[in-house]
Structures are given as structure tokens and as C-alpha cells.
Amino acid sequence: MELIDYLIPYGLEWLNLIVRWLHVITGIAWIGASFYFVWLDNSIRPPAPGSELARKGVSGELWAVHGGGFYNPQKYLVAPAELPKELHWFKWEAYTTWLSGIALLTIAYYFNAQAMLVDKSVADLSSLQAIGIGVGTLVLGWTVYDLLCRSPLGKHDLWFGIVIFCLIVAAAYGLTHVLSGRAAYIHVGALIGTIMVGNVLMLIIPGQRKMVEAMSAGRLPDPVHGQKAKQRSVHNNYFTLPVLFIMISNHYAMTYRHEQAWLVLAFIMAAGVSIRHFFNLRHKGRVEWRYPLLGIALLLAVAVAIAPARPKAVAVADPAAQMNKVAAIVAQRCVSCHSAQPTQPGFATAPAGVALDQPEQIRQNAEKIYKQAVQLKAMPLANLTNMTEAERAQIALWFESGAK
């Protein structure tokens, strides 16, 4: 192997690690701020009528204790009488999360599209076609969402939420019919993340700037900017749990490899929205257990529905011969990636650290091989090495006979 052929995938793996780390850090900061401010908005209580706070225009306040100190945040109905000298903005958490996410999408998926985006058993696409579908989904998704927000439907929160949820599920359905299941899920997450950062960039921050500019000019800010920003912030809050699941979904092939992966994702997203709604109501003083119970019920329903069939124990006359057949299949179909020194382009180290060069390594990873190659058919990745159904059946026979 040429040195450059080794260094490029190895460098990309380090770049993947660093960008993923950055994405997680900034995502925590952004979602944490979202959770905090929605909690704050739902938890503040109006001051007594005629009190000094009420005369100052304060619409609500609360007292909190944290880290050995007391805090007294206050929210003004429109704006304070004077513009503070120092005003904190919350935007870079959102921007950096999205930028690092797009960078990660490019590094992990677009640079190796045939392995990560394309599943020829779903659709025989070129790399450019698959990337075009992914990018087009993000652009079209934001455009449709923003137009609906500005339409009369945007004034009816419940119906708007139902329509947007159905459109996201429709996007999931379409993507799972043209991309690999793993890539489809990630692009649904990228779509939601794009909508969230679009809300910050295109409406929330511009609205806040207009309010600050009005105060700087000595005018009373138009409260409509704050109302629109609040609406989009609430939308972002409900998006958080679904997008967090999708961020980790690549570790759980049982979800994205299912024949009805789009429906699995729909149920899990609905569970996240329901659980998030419980906490938002709880912050307002309403404890309604039906919402988390609904979320748990949806997750249990998914778990039961996609549970794999239990392997049946079988007896074979010559276990050693079965092992030899499986070792030959693994050598031909798996070792190009799962090796101490992978030869498959784009891989510098064995995925998940699973090397299958030696028979003992194959035995140690028997359950993983059976799950990924037989039950989920998630491996080989995008079936790049063309594992046949007969070979999968051979692996099943070997595992069900004891994997000896």
C-alpha cells in the first residue's frame, strides 16, 4: 500500500474524531441553552400588580440557587427602559453545531459516498446523485418549513406541529427509499438541525437585532419580533430529542436497517416529542403523566415490533468444516475492512475495532457477525463486497450450531 493511500484515510479518521468531538461539545451548549431558556420562560411568575417590577415592565421573574449563589432573572414584556451596556447573545452555539455537523456529514458520508450513502439494494445511485439528494433535502426542507411558519397555518401551534411532523416523516420515507438506512436517518437529523439553525440565523437573531436597534434609536421595540422568536425557539425545543436520537442512531442498526425504518423513526421521534412536552408542561406547574407514558409506550412498541427472531439451535455433523466455510466467507467479504490493516479505500483502522483476520477473532465476535450479517444485513457496509444470501445462510448455520 502506498504511504499516501494509508495517510489519507488515517488523517480523515482523525479529522472525523476532532469534528465529531466539536459537534458534541457545541451541541451540548446549544441544546442546554435551549432547554434552559424554555424552562426559564415557563417557570417565571408575574410580579404583583402595581409593584415596582410591574411598573418597570417586568412580565415575570424567578429566584434560583445554584453553585452557592442566588440568581434573580427577570423578563421584560417588551424591553427595559434603557439598553444595557453589556448584552449577551446566544447564537454561536447554534452556528458552530450546524457547521461542525455539516463538516462531519461531509467527512463521514460524502467523502465515501458509495460506502456510506448508497445501498444498491435500495437504489443504484452514483455518488453525486446521492449527495445531491442529501443536500437538496436540507434546502427544500428549510424552505417548506419557513413558508409554512409564515402562512396562516403557523398561527395554529397544534396543527402546525402535526403538519411539520408528517412532512418530516414523509422525508424519512422518501430518503429510506433512495439512500442507505443509516444515511437516511442522518439526513433526517441534518434536516431538523438545518431547520433549527435556520430559525436562529434567519429569524431569532435578526428579530433581536431589530429590537436592539429600535432601543438604540430611542424607539419602543415592536413586540412582534419577540413573539416570532419565541415561537421558533419553542419549535427548536421540541426538535431536540428527535435530533439527539438521530445523532446516536448510527450505533443501532436494528432501527435503520429495518424494512420499515422510516416508521421506526417516526415512532421514536413521536416518543421524544411527547416526553419533551411533559417537561415543558411541568415547568409551567402542570404534571401530566400521560405524555411520558405515551412516549414509553411508543418506544416499547418499537422494541417489540423490531425484535429479531430468536436463533434456533441446530446440530451439524462437522463443526470444524462449518468454521472453515465461515472463515473463507469472512476472508472474502469482511476482512478488507475488519483487519489490522484494512485494504478497503476509506478505512485506516477496523470499524469499531473489530478485526477478523484470525479464526479465534471470528469466534470471539460470532454474535456480532451473526447480528450484523444475518439478522440486520447491515454488513458488509452497503454490501460493497457482495456477500450473497447463501453466504449469510452459511453464517447463520455456523452460529446456530454453536459457532465452534
Side-chain angles (χ1 to χ4, degrees), residues 23-24 27-28 30-31 34-35 38 94 97-98 101 105 134 137-138 140-142 144-146 148-149 153-154 157-199 231-281 288 290-307:
H23 186 56
V24 170
I28 290 171
W30 183 15
I31 291 174
S34 171
F35 280 7
V38 169
T97 300
W98 186 83
L105 182 65
T137 298
L138 308 188
L140 180 62
W142 160 254
V144 171
Y145 165 83
D146 188 53
L148 288 176
C149 278
L153 179 65
D157 291 338
L158 177 60
W159 285 108
F160 176 84
I162 292 172
V163 169
I164 291 299
F165 180 81
C166 290
L167 288 175
I168 292 174
V169 172
Y173 176 86
L175 288 169
T176 55
H177 284 74
V178 290
L179 301 179
S180 70
R182 181 174 177 174
Y185 270 36
I186 289 297
H187 277 85
V188 173
L191 165 61
I192 296 173
T194 298
I195 290 172
M196 292 172 70
V197 79
N199 282 337
Q231 182 190 45
R232 300 291 183 105
S233 293
V234 171
H235 292 177
N236 282 2
N237 182 261
Y238 281 100
F239 283 139
T240 51
L241 295 192
V243 83
L244 281 173
F245 162 73
I246 294 171
M247 284 175 66
I248 63 172
S249 66
N250 63 303
H251 295 287
Y252 303 99
M254 61 188 178
T255 58
Y256 64 75
R257 287 295 302 180
H258 192 269
E259 291 182 356
Q260 304 296 331
W262 66 275
L263 191 57
V264 172
L265 181 58
F267 271 69
I268 294 175
M269 289 193 300
V273 169
S274 184
I275 292 169
R276 186 67 239 164
H277 188 56
F278 164 77
F279 283 102
N280 288 343
L281 291 178
E288 299 197 21
R290 54 180 171 162
Y291 292 110
L293 291 176
L294 173 61
I296 293 170
L298 289 172
L299 294 175
L300 285 174
V302 170
V304 172
I306 69 174

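Numbers here are sequence positions counted from 1.
Annotation for Leu138 and Leu191: closest pair CD2-N, 3.4 Å, computed over non-hydrogen atoms. Across all non-hydrogen atoms, the minimal contact from Ala172 to Leu265 is CB-CD2, 4.1 Å. Residue Gln260 comes nearest to His258 through the heavy atom pair N-ND1, 2.9 Å, listed as atom of the first residue, atom of the second, then distance. Taking each heavy atom of Arg232 and Asn199 in turn, the nearest pair found is NH1-OD1, 2.8 Å. Of all non-hydrogen atoms in Gly193 and Val243, the two that sit nearest each other are N-CG2, 4.3 Å. Here the closest heavy-atom approach between residue Tyr185 and residue Ala261 is recorded as OH-O, 2.7 Å.
In this structure, CG on Leu153 lies 7.5 Å from CD1 on Ile164, to the nearest 0.5 angstrom. Between Leu293 atom CG and Leu298 atom CG the span is 11.0 Å, to the nearest 0.5 Å. A distance of 11.5 Å separates CD1 of Ile168 from CG of Leu175, quoted to the nearest 0.5 Å. The CG atom of Leu105 lies 9.5 Å from the NE2 atom of His23; values are rounded to the nearest 0.5 Å. Rounded to the nearest 0.5 Å, atoms OH (Tyr256) and OG (Ser180) are 8.0 Å apart.
For His235, the side chain to side chain donor-acceptor pair (under 3.5 Å) partners two or more places apart in sequence, or in a different chain, are Tyr145. Considering only residues two or more places apart in sequence or on other chains, Thr194 meets the side chain to side chain donor-acceptor pair (under 3.5 Å) condition with Trp98.
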Intermediate values then yes/no, side chain to side chain contact (heavy atoms under 4.5 Å, CB included), Thr255 and Phe267: CA-CA 11 Å; Thr255 58; Phe267 271 69; over 6 Å; no

Verdict with reasoning, Asp157 to Gln231, per side chain to side chain contact (heavy atoms under 4.5 Å, CB included): CA-CA 9 Å; Asp157 291 338; Gln231 182 190 45; 3.7 Å; yes

Derivation of the side chain to side chain contact (heavy atoms under 4.5 Å, CB included) call for Asn280 and Val38: CA-CA 7 Å; Asn280 288 343; Val38 169; 3.5 Å; yes

Stepwise side chain to side chain contact (heavy atoms under 4.5 Å, CB included) check, Val169 with Met269: CA-CA 9 Å; Val169 172; Met269 289 193 300; 4.1 Å; yes

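Between Thr240 and Met196, the closest side-chain pair of non-hydrogen atoms falls below 4.5 Å. Side-chain contact between Phe165 and Ile162 is absent, with no heavy-atom pair separated by less than 4.5 Å.
Proximity of a side-chain donor or acceptor of Ser274 to a complementary backbone N or O of Tyr291 within less than 3.5 Å is detected. Panel note: side chain His177, backbone Tyr173; a donor-acceptor pair is recorded below 3.5 Å.
For the pair Arg276 and Phe239, the NZ or CZ position fails the cation-pi test of under 6.0 Å to the six-membered ring centre and within 45 degrees of the ring normal.
When the shell of 6.0 Å around CZ of Phe279 is examined, it contains 12 or fewer heavy atoms from other residues, nucleotides or ligands.
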